[in-house]
Amino acid sequence: MKFTIPITSFLMCIATIATAQEVTIPIETRDNAVVLRADRDKNLAMIYFGPKLMSSDEYIQTTSVFKQATDYSGVLDAAYTASGSRNLAEPAITVKHADGNSSLDLRYVRHTVEKENSDVSLLTVLLRDPLYDFEVQLFYKSYFKDNIIEQWSTIRHGEKGDVLLEKFASANLHLKSERFYLTQYHGDWAREMQPEESRITHGIKTLDSKLGTRTNLFQPSVFMVSMGSPATENEGTVLFAATEYSGNFRTDLELDHQDNLRIISGINNYASTYSLKPGERFDTPVFLYTLSSKGKGEASRNLQSWARNYKLLDGKGDRLALLNNWEATYFDFDEQKLSVLLRDTKKLGVDMFLLDDGWFANKFPRNGDTAGLGDWEENRKKLPNGIASLVREAGANGVKFGIWIEPEMVNPKSELYGRHPDWVVKQPNREEFYFRNQLVLDLSNPAVQDFVFGVVDGLFSKNPKLAYIKWDCNAVIYNAYSAHLKNQSHFYIEYMRGLYAVLEKIRNKYPRVPMMLCSGGGGRVDYAALKYFTEFWPSDNTDPLERIFMQWEYSYFYPAMASSNHVTDWGKQPIKFRTDVAMMGKLGFDIVIANLNEKDLKFCQDAVKNYNELKSVIYQGDQYRLSDPRSASVASMLYLSPDKSSGVIFSFLVNSRYGEGSRFPVKLLGLDAGKRYRCIETNLFPGTGSTIDAQKVYSGDFLMKVGFNPDISSSRTSAIIRLVEVK
């Protein structure tokens with residue numbers, strides 16, 4: 001239940017300090033504080049961001065201890081920097097008023113707080129231009145226990161005509177430190193989440209995407225900023241940040257002449273000047289950040305805990321382990337082949353069978369990726385009895401049934417394209433250009449939104465026991481143009497509004513159905529999308545060695561339960577290694593069960609049972625990175641229950657050179673020093689024994705200061721160790 005706190009109560013709740021003309025507003029979490037201050041002229045600045053002080057009235061002293069170059073503008077530390085007046089730096093907002101004037105000056109008017117519960121508070125600050133009927137509201141939603149802040153803005157005006165929004169950021173941070181280091185990510189298909197770290201130098205570093213859909217393909221919107229020196233897993237001050245938006249994003253990191261860092265982030269204003277009508281409200285997406293003074297590990301646990309509690313769909317629930325047919329059959333299947341796979345699903349012991357691409361279209365059958373997208377009726381040749389019979393057969397085999405769709409896309413070779421060429425994103429007078437032989441449907445068009453919703457709704461209406469959706473999105477946007485929109489500069493924004501409207505409508509009708517967010521791999525994962533999805537597909541690259549590195553980097557920003565990890569035939573590693581890697585998140589299989597020999601099948605069946613015993617701590621436990629694959633021969637990860645009574649350690653050999661392995665013990669983290677633990681190996685391959693003495697008892701103190709050796713070597717390339725408290 002939300003309630004508004006009067007200003008008198010607000011003074012007590014978050015210790016607002018005010019003089020007759022100045023206002024200081026601390027936004028405090030368990031460990032940190034962001035402090036805003038309006039001066040006598042009502043300029044709103046961000047004067048502090050760092051560890052929380054014991055005395056809140058000392059925040060106003062923080063600026064006086066810095067002896068830096070002159071701020072000629074007086075607004076370098078602005079909480080939301082406007083352009084066109086005295087600002088000399090990169091702005092958060094740029095407008096052209098109805099009369100053609102491009103100046104903007106935003107001054108503090110008032111602020112209020114809503115306290116949703118003991119953990120969550122929402123600060124709203126109103127800024128207004130003294131000359132124009134133009135205002136911006138800044139929102140700061142703080143999550144006390146997890147040290148998380150979500151920030152966004154709302155823009156309105158009452159001018160006599162439209163105002164052009166030429167830049168419209170969600171957030172504008174101002175950080176002070178002697179040095180700053182950026183960790184950013186880049187990639188491509190099958191090469192997602194490749195980290196790069198560099199010192200931030202003077203000028204502007206921009207992280208952005210202009211792809212329209214699948215926007216994280218080359219550069220994800222998540223990043224880290226270390227202060228003073230590069231943060232390690234357990235030491236250093238580091239900011240984790242992300243834009244909660246699935247469309248084009250932009251983050252500017254500007255090291256100014258005072259050596260302070262300004263971070264401005266939100267929707268990419270590329271080709272997106274927005275014409276804002278009088279009285280219309282423009283809401284920017286959320287910018288998310290958390291600060292840790294104890295290294296990257298603490299920041300990641302902040303984010304993971306927050307995500308499970310507040311953002312990820314069904315973040316405290318269970319997930320379905322599955323068998324997928326994609327790498328077993330690709331497009332070449334029929335009812336008989338699927339019947340065998342359904343029986344294999346039961347034999348394997350997982351919860352569900354997932355039917356991937358290729359099940360639909362008749363005039364232009366989906367026998368490859370060149371045709372059929374958009375024609376979402378069952379292919380009568382492959383499935384003469386339809387999806388319904390497969391759902392029933394799955395139920396008869398004691399498993400659930402899920403299905404793949406890519407409803408935002410269309411092949412030119414499809415009935416839908418022929419019927420509705422005006423629904424397709426393409427320039428009317430230019431040659432079509434394809435990504436994976438397909439084009440994007442225009443979700444800014446309400447008719448297309450209804451169609452996309454109808455794809456999902458139609459499947460569930462015909463098949464009420466359908467249990468799962470894999471939602472794919474493989475193409476980027478070329479030749480951006482909407483036949484529906486009069487103002488083409490609104491297209492990228494309206495596309496995302498349309499997508500979210502469809503997802504909102506689906507979730508209103510089907511609130512609990514699990515859905516995987518797939519975008520040719522990790523091309524779309526972000527916390528705006530994960531509001532609607534239970535999990536995401538990190539990469540089409542399922543080579544387990546590559547996945548160790550990818551899953552490691554994703555884990556900084558997303559909880560393990562959100563990462564769909566499949567056992568496939570990619571890579572040269574044995575089935576145990578492949579399965580052990582996949583068990584570090586939400587487990588799935590994409591192999592031909594009939595091709596497994598007796599021991600491999602027995603191992604997989606036992607692994608599913610072991611996983612069901614371990615998954616609660618994998619899903620809900622605190623995650624500790626113990627040995628980094630980029631700097632060591634052994635990668636090691638610990639998931640620890642909140643009460644520190646149980647855990648699971650995953651260890652893998654990532655260097656095949658002679659003699660490499662766990663020559664030194666791996667020091668554990670997060671344990672209760674006074675508790676005593678046994679280390680018991682699980683997920684052993686049939687016919688092999690463990691080299692770990694399960695009878696030995698170690699104190700938490702010993703395991704954290706001396707460590708534990710998982711005995712990884714070239715003959716023993718992976719191990720899963722259960723950590724069990726001895727009482």
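A side-chain donor from one of Lys316 and Gln620 sits under 3.5 Å from a side-chain acceptor of the other. Ser636 and Ser627 are not linked by any side-chain donor-acceptor pair at a separation below 3.5 angstrom, with hydrogens and angles left out of the test. A donor-acceptor pair shorter than 3.5 Å can be found between the side chains of Trp189 and Asp540. At a cut-off of 3.5 Å, with distance as the only test, a side-chain donor of Glu535 or Tyr468 sits close to an acceptor on the other residue. One side chain, Asp472 or Trp404, offers a donor N or O that lies under 3.5 Å from an acceptor on the other. Residues Tyr556 and Gln623 bring no donor and acceptor atom of their side chains to less than 3.5 Å of each other. No side-chain donor-acceptor contact under 3.5 Å links Asn541 and Asp543. Side chains of Asp146 and Asn302: a donor-acceptor N/O pair is absent below 3.5 angstrom, by distance only. Side-chain contact of Tyr500 with Ser246: a donor-acceptor pair under 3.5 Å is present, judged by distance alone. For Gln68 and Asp259, the side-chain atoms include no donor-acceptor pair closer than 3.5 Å. Defined by atom type and a distance below 3.5 Å, a donor-acceptor pair is missing between the side-chain atoms of Asn248 and Thr215. No side-chain N or O of Gln184 forms a donor-acceptor pair with one of Glu197 less than 3.5 Å apart. Under 3.5 Å, the side chains of Asp314 and Thr534 contain no donor-acceptor pair of N or O atoms. Side-chain atoms of Ser300 and Arg625 include a donor-acceptor pair closer than 3.5 Å. For Tyr143 and Glu150, the side-chain atoms include at least one donor-acceptor pair closer than 3.5 Å.
For Asp318 and Lys615, the salt-bridge test passes: some basic side-chain N is under 4.0 Å from an acidic carboxylate O. The pair Arg578-Asp580 fails the salt-bridge criterion, with no side-chain N (NZ, NE, NH1 or NH2) lying under 4.0 Å from an Asp/Glu carboxylate O. Under 4.0 Å is where a charged nitrogen must lie from a carboxylate oxygen, and between Arg630 and Glu553 at least one such pair does. In this structure, Arg191 does not pair ionically with Glu546, as no charged nitrogen and carboxylate oxygen lie closer than 4.0 Å. Ion pairing between a basic and an acidic side chain is recognised when a charged N comes within 4.0 Å of a carboxylate O; Arg524 and Glu408 show such pairing.
Residues Arg179 and Ser177 share a closest heavy-atom pair of O-OG, 3.1 Å. Heavy atoms only, all atoms of each residue included: Arg214 and Val476 are closest at CB-CG1, 4.3 Å. Residues Thr213 and Cys473 share a closest heavy-atom pair of CB-SG, 4.0 Å. Closest approach of Val238 and Ala299 over heavy atoms only: CG1-CB, 4.4 Å. Nearest heavy atoms, Ala635 versus Val654: CB-CG1, 4.1 Å.
Screening Thr243, Asp208, Asn172, Thr284 against Ser265 for a side chain to side chain donor-acceptor pair (under 3.5 Å) leaves a single residue, Thr243. Of the residues Tyr310, Phe287, Trp306, the one that meets the ring pair (Phe, Tyr, Trp, His ring centres under 6.0 Å) test with Tyr527 is Trp306.
Contact of the Tyr80 side chain with the Ile264 side chain is not registered, since no non-hydrogen atoms from C-beta on lie closer than 4.5 Å.
Remark: Lys210 qualifies as a cation-pi partner of Tyr270 under the 6.0 Å distance and 45° angle criteria applied to the six-membered ring.
Arg301 CZ to Ser555 OG: the interatomic distance, rounded to the nearest 0.5 Å, is 10.5 Å. Atoms CG and CG, on Leu587 and Asn565 in that order, are 8.0 Å from each other to the nearest 0.5 Å.
Ala562 pairs by the side chain to side chain contact (heavy atoms under 4.5 Å, CB included) definition with Leu312, Phe536, Pro559, not counting sequence neighbours.
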Determine, stepwise, if the pair Lys205 / Glu254 fulfils salt bridge (Lys or Arg N to Asp or Glu O under 4.0 Å). CA-CA 6 Å; Lys205 171 78 171 184; Glu254 180 176 22; over 6 Å; no
Report the C-alpha separation of Asn709 and Val666 in whole Å, then their side-chain angles, then the decisive distance to 0.1 Å, and conclude whether the side chain to side chain contact (heavy atoms under 4.5 Å, CB included) test is met. CA-CA 6 Å; Asn709 199 314; Val666 176; over 6 Å; no
